[in-house]
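Okay, so here's the structure we're looking at.
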Amino acid sequence: MSRDSAGRSFRARSQPVSTDQDTLEQIWRAIAAIPSGQVDSYGGVASRAGLPRRARLVGYALKVAPRELNLPWHRVLNASGRISFPEGTRLYSLQRRKLAAEGVRFEGGRVRCKGPDDPSSLDRVLWGPPASSS
DNA sequence: AGGATGACAGTGT
DNA sequence: AACACTGCCATCC
């Protein structure tokens, strides 16, 4: 860990940045791997794709993703557990509807329970389908 | 070439 | 909890 002139900490990149087609496909695969009824954050997707700190790139990858891939794009939320589209837009309601169809419950504007980034729950995402009442 | 703008995130105040 | 700031990276003026 290092610090810049303003005192903020940061991790140096251990790998050269690449934004070629392979990188995009890697991200798309990570998104496709999110199980139905579960959600992940942009940063989480980036990490699982082997691209830590590249959350913004995930947003770009989603934007340019070919429709034929049929990616579960609606399962990707921002780090605060919220939908990243402005409320009231068509995409917002579409995403919210798709999530609801998979049993993802909302509380106010955010998904229930912890944040999608919580490392302890990445594997057994707790806010999953309510159908599996354990 | 340089600044603004995003389907973002982390840290500090 | 909300805001400001910065890192981040591709696009679009």
Side-chain angles (χ1 to χ4, degrees):
Chain A
M1 195 88 88
S2 322
R3 290 197 175 261
D4 64 12
S5 51
R8 286 170 288 95
S9 61
F10 66 94
R11 301 191 294 278
R13 280 201 300 268
S14 53
Q15 250 176 240
V17 288
S18 69
T19 4
D20 51 25
Q21 189 70 13
D22 289 338
T23 303
L24 291 180
E25 290 176 358
Q26 213 170 333
I27 294 175
W28 293 334
R29 274 194 294 277
I31 294 169
I34 307 175
S36 172
Q38 299 184 186
V39 297
D40 200 354
S41 66
Y42 292 86
V45 169
S47 293
R48 286 192 298 100
L51 302 163
R53 283 273 189 180
R54 304 292 150 70
R56 209 143 195 175
L57 191 54
V58 172
Y60 172 71
L62 273 171
K63 187 155 136 178
V64 301
R67 264 220 334 249
E68 305 83 70
L69 289 182
N70 286 319
L71 290 180
W73 57 269
H74 55 282
R75 298 179 192 144
V76 184
L77 307 173
N78 65 31
S80 48
R82 302 171 149 288
I83 288 176
S84 280
F85 298 111
E87 197 170 350
T89 62
R90 199 182 145 297
L91 280 170
Y92 176 94
S93 41
L94 176 59
Q95 182 166 10
R96 176 106 182 218
R97 196 166 66 237
K98 280 174 165 289
L99 287 173
E102 295 182 355
V104 176
R105 289 157 48 196
F106 274 75
E107 190 169 80
R110 8 163 54 213
V111 287
R112 263 189 179 290
C113 304
K114 312 174 174 179
D117 253 350
D118 196 289
S120 63
S121 49
L122 268 183
D123 293 311
R124 48 183 298 269
V125 190
L126 305 178
W127 55 87
S132 63
S133 57
S134 51

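Below, chains carry the letters A, B, ... as their sequence lines are ordered, and counting in each starts from 1.
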How many Å lie between [atom1] on [X] and [atom2] on [N], as a whole number?
| X | N | atom1 | atom2 | result |
| --- | --- | --- | --- | --- |
| K63(A) | dT5(B) | NZ | P | 13 Å |
| N78(A) | dC8(C) | CG | P | 20 Å |
| Y42(A) | dG7(C) | OH | C1' | 18 Å |
| L62(A) | dC9(C) | CG | P | 17 Å |
| D20(A) | dC9(C) | CG | P | 13 Å |
| Q21(A) | dC9(C) | CD | C1' | 16 Å |
| R75(A) | dA7(B) | CZ | P | 21 Å |
| I83(A) | dC8(B) | CD1 | P | 12 Å |

- Query: With a 4.5 Å limit on heavy-atom distance, are the side chains of Y42(A) and S84(A) in contact?
  - Reply: yes

- Going through the distances and angles, do S47(A) and R54(A) end up as a side-chain contact (heavy atoms from CB on, under 4.5 Å)? CA-CA 8 Å; S47(A) 293; R54(A) 304 292 150 70; over 6 Å; no

- Message: Does the Lys NZ or Arg CZ of R96(A) fall within the cation-pi geometry relative to F106(A) - under 6.0 Å from the ring centre and within 45° of the axis?
- Response: yes

- Query: Using a cut-off of less than 4.0 Å, is there contact between a side-chain N or O of R54(A) and OP1 or OP2 of dC8(C)?
  - Reply: no

- Message: Please determine whether side-chain contact (heavy atoms from CB on, under 4.5 Å) holds for the pair V39(A) and H74(A), giving the CA-CA distance in whole Å, both sets of side-chain angles, and the decisive distance to 0.1 Å.
- Response: CA-CA 8 Å; V39(A) 297; H74(A) 55 282; over 6 Å; no

Nucleotide nearest [X] when distance is taken to its side chain, options [options]:
| X | options | value |
| --- | --- | --- |
| R53(A) | dG10(B), dC9(C), dT11(C) | dG10(B) |
| Y60(A) | dA9(B), dT11(C), dA7(B) | dT11(C) |
| S41(A) | dT11(C), dA9(B), dA7(B) | dA9(B) |

- Item | Contact summary for A32(A) and L71(A), nearest pair of heavy atoms | CB-CD2, 4.0 Å

- Query: If we take the P atom in both dT6(C) and dA7(B), what is their distance in whole Å?
  - Reply: 22 Å

- Task: Please state whether the base of dG6(B) and the side chain of R56(A) form at least one donor-acceptor pair under 3.5 Å?
- Result: yes

